[in-house]
2 protein chains.
Amino acid sequence: MEETKVKNKRLERKEETRRRILEVAKELFLKHGYDEVSIRKIADKLAISPTTIYLYYKDKGDVIYALHQEGFKSLAMQFDVLRNVDEPFERLKAMGRIYIKFALDNPDFYELMFIMKEPIDFVNRSCASEWEEGGAAFGALVNTVADCQNKGYFSSIELHAMALYIWSTIHGICSLKLQGHLDHVVKEHLPNQENTSTLESAFNTLISVIKGIK
Amino acid sequence: MEETKVKNKRLERKEETRRRILEVAKELFLKHGYDEVSIRKIADKLAISPTTIYLYYKDKGDVIYALHQEGFKSLAMQFDVLRNVDEPFERLKAMGRIYIKFALDNPDFYELMFIMKEPIDFVNRSCASEWEEGGAAFGALVNTVADCQNKGYFSSIELHAMALYIWSTIHGICSLKLQGHLDHVVKEHLPNQENTSTLESAFNTLISVIKGIK
DNA sequence: TTAAAAATATTAACACTGTTAATTATATTT
DNA sequence: AAATATAATTAACAGTGTTAATATTTTTAA
């Protein structure tokens, strides 16, 4: 009976080391951005050998994927307050605002979660069909859109097409902003406009557009 | 008078080498994707030394930027047929379809032009204010939107906000698709739907949505 | 308690990357 | 033909992800 206890102790320690590696990876990631996260730098900060990390994560993509998952958990937490918003269209609006705020507050995480290819390729390779975190996020949007339709909003449009369309618009504006593709357009075509207000005006346009659909 | 002729000859040769480097860079880029384009591989294919490339391009970002510019020229050429479409809303629709087709046909170029940070950072650093190719593309959209408004379409919405909103939606759906973020969502929430039809249905949703705005 | 076994961590190395300084080869001008 | 300007090269630096072989530590068995 002792041997299982010891084995558990070992598994715990192993899990703890895994966690510590991820913690440092996350710290470097948030402080210096993705490009600055190298296996060697993570190892240096932990005062371990670079190769040790490969005993806990298959490769760098695996580490990145773990951060990717953390991001989705974090976003889900932000979404948690939506349970207090009963009116579906208000909930949809709040959802959009939280999503945008998350993107602006955590640009590196957003890049990891919705822009970069590597982590999502890892998902598509590993877990063939189910992917809880990602499915839940889009599922929450679909549910809210369905609730809106039950209240008469944009009920003429197919549910999933509508959800995807909303996500596309908000992701589009966030990704253009975060990747630096708005700076020039704003400078040339929308002077005397502040940085964040461009996002807001695009979001408000979306809201007022879909609000009118019967 | 001979010396200027010689100097011109030299400049021509220099420009020719610059062009050949870019040609190979583009070939590798289209064949193997961005990650596989290294200075050394370009040099190998040209049977020259890697460092020679640095005599023609400041750094790798400069090469990437040159391809970035090629992409914008190519897109502008695709847009050229729009001159034959008189009705503004039809032109807007055609514009969207061409944009989406360009993205699907040239995923690597699209990534370079509208997703990656590096080339547009290069733009924002180098040419402080004017950037013809990019400005022209968005300008074309703004003009078409303005023409639509003159015909009574979505005239209640501010011009630039509307243009940015349309771009965001179409870029959003393209970027989600190209970066692999739709695969999972489609598999889970929209089975029995084909790959490209997801894009089309989102685009059609956008069109039918904005068509109804007064 | 000590010897064997298993788990964990490390060193050394490979094959790459972008990039620069110093050097050599080539072409042009005097 | 000699001097000069231009072009291209070699060698090297500092970094990357990753693997195989080796050493160290921890656990198990005698």
Side-chain angles (χ1 to χ4, degrees), chain A residues 1-22 24-25 28-29 32-67 112 116-119 121-122 125, chain B residues 1-22 24-25 28-29 32-67 112 116-119 121-122 125:
Chain A
M1 299 304 111
E2 267 301 304
E3 77 180 35
T4 63
K5 261 193 183 174
V6 171
K7 271 189 179 169
N8 281 346
K9 206 91 186 176
R10 245 216 321 259
L11 274 174
E12 266 177 43
R13 270 217 312 260
K14 192 141 187 167
E15 203 48 53
E16 167 67 14
T17 317
R18 238 185 99 93
R19 208 192 49 72
R20 279 176 53 218
I21 292 171
L22 195 64
V24 169
L28 290 177
F29 178 72
H32 304 110
Y34 173 74
D35 290 336
E36 289 300 312
V37 182
S38 87
I39 297 290
R40 278 174 176 83
K41 282 180 186 165
I42 299 170
D44 279 0
K45 201 155 187 94
L46 284 163
I48 61 172
S49 163
T51 52
T52 301
I53 293 175
Y54 286 86
L55 301 173
Y56 295 88
Y57 292 93
K58 187 176 141 288
D59 53 23
K60 195 187 173 182
D62 199 359
V63 178
I64 295 302
Y65 168 71
L67 287 178
L112 216 54
M116 284 174 56
K117 282 165 146 170
E118 208 172 326
D121 280 352
F122 197 95
R125 273 200 308 272
Chain B
M1 298 309 108
E2 266 302 305
E3 76 180 36
T4 63
K5 261 193 183 173
V6 171
K7 271 189 179 169
N8 281 347
K9 205 93 187 173
R10 249 218 315 262
L11 274 174
E12 265 176 44
R13 271 217 310 260
K14 192 142 188 166
E15 204 48 53
E16 168 68 13
T17 315
R18 238 184 98 93
R19 209 193 50 72
R20 277 177 52 221
I21 291 171
L22 195 64
V24 169
L28 290 177
F29 177 72
H32 303 109
Y34 173 74
D35 290 337
E36 290 300 312
V37 182
S38 86
I39 298 291
R40 278 174 175 84
K41 282 179 186 165
I42 299 169
D44 279 1
K45 202 157 187 90
L46 284 162
I48 61 171
S49 162
T51 51
T52 302
I53 293 175
Y54 287 86
L55 300 173
Y56 296 87
Y57 292 93
K58 188 176 141 287
D59 53 24
K60 193 187 173 183
D62 199 359
V63 178
I64 295 302
Y65 168 71
L67 287 177
L112 215 56
M116 284 174 56
K117 282 164 143 170
E118 208 172 327
D121 280 353
F122 196 94
R125 274 200 307 272

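Just so it is clear: chains get the letters A, B, ... in the order the sequence lines come, proteins before strands, and each one is counted from 1. Keep in mind the model is a prediction, meaning the values are calculated, not measured.
- Separating the OH atom of B/Tyr56 from the C1' atom of C/dT19 is a distance of 18 Å, rounded to the nearest angstrom.
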Canonical and wobble pairing (Watson-Crick, G-U, under 3.5 Å) of DNA chain D, dot-bracket with |: ||||||||||||||||||||||||||..||

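- A search for side-chain contact (heavy atoms from CB on, under 4.5 Å) contacts involving B/Val37 returns B/Leu28, B/Phe29, B/Ile42, not counting sequence neighbours.
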Nucleic acid footprint by protein, nucleotides 17-23 of chain D - heavy-atom cut-off 4.0 Å, B for base, S for sugar-phosphate alone: BBB----

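- Taking only side-chain nitrogens and oxygens, A/Ser49 never comes nearer than 4.0 Å to OP1 or OP2 of C/dA9.
- Residues meeting the side-chain contact (heavy atoms from CB on, under 4.5 Å) test with B/Asp62, sequence neighbours left out: B/Tyr57, B/Lys58, B/Asp59, B/Tyr65, B/Phe122.
- At a threshold of 4.5 Å between non-hydrogen side-chain atoms, the residues B/Tyr56 and B/Leu22 do not count as touching.
- A/Thr51 is linked by a side-chain contact (heavy atoms from CB on, under 4.5 Å) to A/Ser49, counting only residues two or more places apart in sequence or in another chain.
- Closest approach of A/Val63 to A/Ala25, counting heavy atoms only: CG1-CB, 3.9 Å.
- C/dT24 atom C1' lies 17 Å from atom CD1 of B/Ile48, rounded to whole Å.
- Every residue two or more places apart in sequence or in another chain that forms a side-chain contact (heavy atoms from CB on, under 4.5 Å) with A/Lys117 is listed here: A/Asp121, B/Glu111, B/Gln179.
- The shortest heavy-atom contact between A/Glu118 and A/Gly61 is OE2-CA, 3.5 Å.
- Per the geometry, CD belonging to B/Glu36 stands 15 Å off C1' belonging to C/dG18, to the nearest Å.
- One interatomic measurement links the two molecules: CD of B/Glu16 to P of D/dT6, which rounds to 21 Å at whole-angstrom precision.
- Contact check on A/Glu16 versus A/Arg19 returns a salt bridge, with a Lys/Arg side-chain nitrogen under 4.0 Å from an Asp/Glu carboxylate oxygen.
- Here the nucleotide nearest the side chain of B/Arg13, chosen from C/dA9, C/dT11, C/dA27, is C/dA27.
- Closest approach to the B/Leu55 side chain among D/dA7, C/dT10, D/dT10 is made by D/dA7 (side chain taken as heavy atoms from C-beta onward).
- Within 4.0 Å of A/Tyr57, counting heavy atoms only, lies no atom of the nucleic acid at all.
- Rounding to whole angstrom units, CD1 of residue B/Ile53 and C1' of D/dA8 are separated by 12 Å.
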